[in-house]
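Whatever order the structure lists them in is the order used to number ligands and atoms, beginning at 1.
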Amino acid sequence: MSDRVYNFSPGPAVLPVPVLEQAQRDLLALPGAGASILEISHRSKAFEGILAEAKSRLKSLLGIPDNYQILFLQGGARLQFSMIPMNLLRAAGTAAEYVVTGSWSKSALEEAKKEGPVTVAWNGKETNYDRLPALGSLPINPQAAYVYIASNETIQGIQFATDPDMGDVPLICDASSDFLHRPVDISRYGMLFACAQKNAGPAGVTIVIIRDDLLARGQDSLPGYLNYRVHVENNSLWNTPPVFGIYVFGLIAQWLQEEIGGLDKMYALNRQKAQMLYEVIDASQGFYRGHAQPECRSLMNVTFRLPNEELEKKFLTEAAKLKLCDLKGHRSVGGMRASIYNAMPLEGVRTLRDFMQEFSANNGA
Ligand SMILES: *Cc1c(COP(=O)(O)O)cnc(C)c1O
């Protein structure tokens with residue numbers, strides 16, 4: 001335990017210690033199975049139980065209505081960038097609308113262009129993706145195939161704070177880096193998906209929540225793996241699913257329910273953690289400069305710059321001595337990025353906050 005650092009990695013990212021401990025205990029023999037999750041059939045009773053429990057815990061955490069299906073897929077969030085237009089755009093007859101708020105929604109747009117007509121409903125490039133539009137006021141075609149957003153832009157550190165109401169146009173949301181960080185009204189979305197390795201588990205599994213009526217859009221000519229309907233009809237067991245990822249995801253859902261006490265509590269904790277860092281930025285008289293416009297700030301990825309690159313290097317070196325690790329920002333934004341997902345303990349954020357205050361006091365502010 002004492003070897004563990006405060007891990008601010010954007011992903012794969014910090015996991016809850018009780019989850020890691022449980023996985024460690026179960027690794028020689030899952031209770032009742034006599035072997036580990038890595039060694040048993042995905043058709044076994046033991047795995048069936050793990051899959052069913054992961055689904056029911058997720059359904060209960062998010063209050064997912066009965067007319068939505070939960071899938072556990074491979075290929076990361078990026079495969080969804082292609083599967084979404086393959087299934088929902090090819091046969092739609094109208095364009096899909098993309099809201100380009102940062103690196104990830106831009107990547108999704110580029111993939112969608114290969115599949116069918118797309119419209120850019122909004123693009124934040126001009127201000128280097130530091131803000132978000134009011135979605136309700138965008139000129140979205142009411143007949144659009146779907147509207148696409150990323151709820152949290154992991155690289156830029158900007159986040160939609162509420163669930164948009166897009167009326168009858170199906171809203172598709174990449175929630176990879178803020179999945180399960182707060183309660184969400186799933187009925188606002190046609191589909192919401194997240195790779196697990198930011199906020200919900202190890203790399204290798206992507207969770208898809210999709211509304212029943214959208215499944216009919218996938219054409220039979222699609223390759224089997226790329227058709228959502230095939231996975232629904234086979235309960236995510238068409239091919240061998242990412243069994244370990246599903247197992248760890250189930251443990252994380254259990255941790256959220258039983259140790260944290262649900263998503264309302266998780267949300268309160270996440271707001272508290274983010275506020276601690278943004279307060280330091282705001283009080284630093286310009287020493288720290290946040291990338292995001294204040295009203296668009298992410299609770300998950302806190303992005304900021306220091307007065308110059310020399311100080312940024314010094315900041316990283318001194319932070320590492322306090323076990324504050326992986327704070328370097330993405331090259332497209334520069335500066336620092338503190339990723340403070342669900343599993344980042346309050347103590348880690350407190351240590352970073354204290355260090356930031358001390359560093360600015362000692363270095364100019
Ligand atoms: C990390 C990330 C992705 C990419 O996920 P992969 O599983 O590597 O494909 C996509 N969208 C967002 C918002 C992310 O944070």
Can you sort out which atoms of ligand 1 are near Thr154, meaning under 4.0 Å from one of its heavy atoms?
-> 12 (C), 13 (C), 14 (C), 15 (O)
Residues 329-336, side-chain donor-acceptor partners within the protein, below 3.5 Å, at least two apart:
residue : atom : partner : partner atom : Å
His330  : ND1  : Ser332  : N            : 3.1
His330  : ND1  : Ser332  : OG           : 2.8

At what distance is the nearest protein heavy atom to atom 5 (O) of ligand 1, and which residue and atom is it?
-> Ala77 CB, 3.4 Å
What are the atoms of ligand 1, with element, lying closer than 4.0 Å to any heavy atom of Phe81?
-> 10 (C)
Heteroatom proximity flag, Gly75 to ligand 1, N/O under 3.5 Å | no
OG1/Thr206 to CG/Asp174 distance, rounded to the nearest 0.5 angstrom?
-> 9.5 Å
Verify, without hydrogens or angle tests, whether Glu312 (side chain) and Leu306 (backbone) share a donor-acceptor contact under 3.5 angstrom.
-> yes
Close-contact set for ligand 1 against Cys195 heavy atoms, below 4.0 Å = 5 (O), 7 (O)
May I ask you to decide if the ring planes of Tyr98 and Tyr146 are parallel, tilted or perpendicular, using 30° and 60° as cut-offs?
-> perpendicular
Proximity of Asn152 to ligand 1 by residue part, where a heavy atom lies under 4.0 Å = backbone
Within-4.5 Å side-chain heavy-atom neighbours: Leu180 and Phe249 | yes
Would Lys113 and Glu110 pass as an ion pair if we require N to O under 4.0 Å?
-> yes
Specify the protein heavy atom at minimum distance from atom 9 (O) of ligand 1: its residue, its atom name, and the distance to 0.1 Å.
-> Arg78 N, 2.8 Å
among protein heavy atoms, the one nearest atom 11 (N) of ligand 1 is Asp174 OD2, 2.6 Å
Please could you name the atoms of ligand 1 that Gly76 approaches to less than 4.0 Å, counting only its heavy atoms?
-> 7 (O), 9 (O)
Is the closest basic N to carboxylate O distance between Lys106 and Glu153 below 4.0 Å?
-> no
Decide, yes or no, whether a salt bridge links Lys313 with Glu310 under the criterion of side-chain N to carboxylate O below 4.0 Å.
-> no
Determine, considering heavy atoms only, which of Lys198, Glu153, Met300, Gln197 sits nearest to atom 8 (O) of ligand 1.
-> Gln197
One finds that the ligand 1 atoms under 4.0 Å from a non-hydrogen atom of Ser177 are 13 (C), 15 (O)
